[in-house]
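Reading through the structure tokens given below for one structure.
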Protein chains: 2
Amino acid sequence: MNLKELATNLGLSPTTVSRALNGYPEVNEATRERVMAAAKRHRYLPNTRAIRLATGRAMTVGHVIPIATKHEIVNPVFADFIAGAGETYSRNGYDMVLSVVPDDQETQAYRDLQSRGTVDGIIVHAPRLDDPRIELLNDIGLPFVVHGRATGTKAPYSWLDVNNRRAFLRATEFLLDLGHRRIGLINGLEYMDFAIRRRSGYVDALSARGIQPDPALMFSDEMTEGRGYRAALQMLNQRDKPTAFLVSSMISALGVRRALDELGLKLGRDMSIIIHDDELSYLRNGDDVPIYTATRSSVREAGRQTAEMVLDLIANPSKPPQTRLLEAELIIGQSTGPAPNRI
Amino acid sequence: MNLKELATNLGLSPTTVSRALNGYPEVNEATRERVMAAAKRHRYLPNTRAIRLATGRAMTVGHVIPIATKHEIVNPVFADFIAGAGETYSRNGYDMVLSVVPDDQETQAYRDLQSRGTVDGIIVHAPRLDDPRIELLNDIGLPFVVHGRATGTKAPYSWLDVNNRRAFLRATEFLLDLGHRRIGLINGLEYMDFAIRRRSGYVDALSARGIQPDPALMFSDEMTEGRGYRAALQMLNQRDKPTAFLVSSMISALGVRRALDELGLKLGRDMSIIIHDDELSYLRNGDDVPIYTATRSSVREAGRQTAEMVLDLIANPSKPPQTRLLEAELIIGQSTGPAPNRI
DNA sequence: CCAAGCTTCCAAAACGGTTTCAATCGAACG
DNA sequence: CGTTCGATTGAAACCGTTTTGGAAGCTTGG
């Protein structure tokens, strides 16, 4: 059943039927109702392919998911972000297309999406230091919002980010207040922008108290269980061990905990840990009482809001770039305690 | 730059240009090269919206992600499956659209995708007992492949599944061979089909050795860290404790391990654990040596293959339903050992 | 009673490609 | 030398909507 059939069926022209269904004012209220009823009766739904061609809008937002060609890691945060963004799209009648591409073909993927008119806008994931994608997207003029920021990029662009620096600054201060002086940082890869900002918060908090950051206490790697385990083990085997860890993700923290268990160290007593908690739906930080002391910010909510921003940008292309900075909460859990007395 | 412009630019008709670019044989090799060169020079890419309308194909596969309205859980396995499927789509010039919908609007979502012509086929996630979606999709005649199976559905349909029953049967036998007699099952929600099959494997293995399955040793819940923790703790506080656990996911196992740690039980010595390992990219079962003894099957690979099946179905709509059963490997890790002697 | 102005509808032209059907041109054939 | 055939190209229809530019009929005001 298409518009033309429905129209002849009703003894009307396609024009009128289209207008009736789309709520144009110039159609008689009686005919509108007749049309609406017939549409419902025949289960008529307009063909999206035709609408998109006729209106010139794709009613679609793209997400490009680069697959690192070396280590094929899917960002664990990704699923929840997508779920949040997807909610927003559904509510607004938009579709979401995911492009999974090898990371060395990413720029081509953006160009394609633009010139083929597959999407009206996109969301950029996992920005890096001096990320070249931002300039590219500004050039080709496709509306976009970055989830995160890209240190080093001077051109203006829209983004939504968590205040990573401030979160880790506060977390470090919290540990310092508890008497910790040697605090290990188990961070994500430091070409990722969020990791850079978290380190800067950590370093600044230490410096502010006159503590010289120790490179031996700063790790940066993929945020997997295995790497967390390795990092923790390595730091705990040093002569001058840390008494606390600041861990960039719940997943890495799982590995850290495994290391502590192996060494017989009790969480919160022998060793304090603060993690960053993205509130992943399948990896809650405790059901009621938080397990870990954590800097917390829902990535699902970030997805919802970033999607709203991109839809707004699509609707108002002349708007200047929008930005939104979310603050992370500092949640006190059972994984932190006063620094053990050193001998 | 569109086809018409490119054509006038070349002094050719749109027809010829279209044919040249799409590799039709009836165009002169010299003109074809001229056209190709011009297309590249002008960075011409055909508009997908127009192609889709003209050809009547959406070149798109849909994935409907139901969001449980009560507990908003995103399946952790989802990201890796999508990544695998996405690889296949990219390779074949297909797009992937994700529809995130409240689970009570799911059937409407399928109908919409079909009658609006947004997709050529879909992949059905997380099938349940007597899943009504299968009948619906057969009715509306949209090509689809189910990731998993739906016990109770008699109509034929295409699916790709892991042999969950066999995997858990073998795992249980493995534990029995090690002398374990009381084995706890920490399973997913048992309206999910895979969970039903896993339990049936577990129960059958026990029964085959004359062991009566004990309801007090069978748990079924969402596969989160928290629920795994709770289930393990509860079973370990019984009078007649289990000596081994069979755990349906890596994530639940994290909680189980936390429970063991709290109780001071050592993995592999005091307590054996076998998990099911989907090979999530961010939660590897050890980097080199497996940590857990596990039934292993890559969900990423499942995504790749399921996508191939759906594309095949789209290309050959008359084909009868295809099915593919993947066997899980049994990987021996460090989490299993002989049953401790009972007193 | 006529012109102007609403209200309501429709025919036809987009949108940017693909595809059907037909035409042209040289070469080959009889 | 006329006919046939293959190779190559193009005109026009089509895909299913939206949207532009009228147009008919009715009302209203002078």
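Proteins come first, then strands; the chains are lettered A, B, ... in the order of their sequence lines, and each starts at number 1.
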Partners meeting side chain to side chain contact (heavy atoms under 4.5 Å, CB included) with A/T107 (sequence neighbours left out)
A/L136

Filter on side-chain hydrogen bond (donor to acceptor under 3.5 Å, both in side chains), then keep only pairs touching residues 138-149 of chain B, sequence neighbours left out; what's left?
B/R149-B/D161

Write out a two-atom table: protein N or O, nucleotide N or O from nucleotides 5-9 of chain D, distance below 3.5 Å.
{"residue": "D/dT9", "atom": "OP2", "partner": "B/N28", "partner atom": "N", "Å": "3.2"}
{"residue": "D/dT9", "atom": "OP2", "partner": "B/T31", "partner atom": "OG1", "Å": "3.2"}

Return the set of residues passing salt bridge (charged side-chain N to carboxylate O under 4.0 Å, His left out) with A/R32 (not counting sequence neighbours), or none when no residue passes.
A/E29

Restricting to salt bridge (charged side-chain N to carboxylate O under 4.0 Å, His left out), what partner residues turn up for A/D278, sequence neighbours left out?
none

Taking only N/O atoms, report every protein-nucleotides 15-17 of chain D pair under 3.5 Å with atom names and distance.
{"residue": "D/dC15", "atom": "O2", "partner": "B/A54", "partner atom": "N", "Å": "3.4"}
{"residue": "D/dT17", "atom": "OP1", "partner": "A/Y44", "partner atom": "OH", "Å": "3.3"}
{"residue": "D/dT17", "atom": "OP1", "partner": "A/N47", "partner atom": "N", "Å": "3.2"}
{"residue": "D/dT17", "atom": "OP2", "partner": "A/L3", "partner atom": "N", "Å": "2.6"}
{"residue": "D/dT17", "atom": "O5'", "partner": "A/Y44", "partner atom": "OH", "Å": "3.1"}

Set of residues satisfying side-chain hydrogen bond (donor to acceptor under 3.5 Å, both in side chains) with respect to A/R49, sequence neighbours excluded
none

What pairs of residues pass the side-chain hydrogen bond (donor to acceptor under 3.5 Å, both in side chains) test when at least one of them lies in residues 3-14 of chain B, not counting sequence neighbours?
B/S13-B/T16

Quickly work out the B/M59 CE to C/dT18 P distance and round it to whole Å.
12 Å

With a 4.0 Å cutoff (strictly under), does any side-chain N or O of B/Y24 reach OP1 or OP2 of C/dT19?
yes

Mind checking whether B/F81 and B/H125 have ring centres under 6.0 Å apart?
yes

Is there a residue in residues 111-122 of chain B whose heavy atoms reach under 4.0 Å of DNA chain C, and which residues are they?
none

Output side-chain donor-acceptor pairs under 3.5 Å for residues 314-322 of chain A, partner residues at least two apart or in another chain, one line each.
{"residue": "A/K319", "atom": "NZ", "partner": "A/D312", "partner atom": "OD1", "Å": "3.4"}
{"residue": "A/K319", "atom": "NZ", "partner": "A/D312", "partner atom": "OD2", "Å": "2.7"}
{"residue": "A/Q322", "atom": "NE2", "partner": "A/P320", "partner atom": "O", "Å": "2.9"}

Partner set under salt bridge (charged side-chain N to carboxylate O under 4.0 Å, His left out) for A/E308, not counting sequence neighbours:
none

Contacts of B/D120 that satisfy salt bridge (charged side-chain N to carboxylate O under 4.0 Å, His left out) - sequence neighbours left out
none

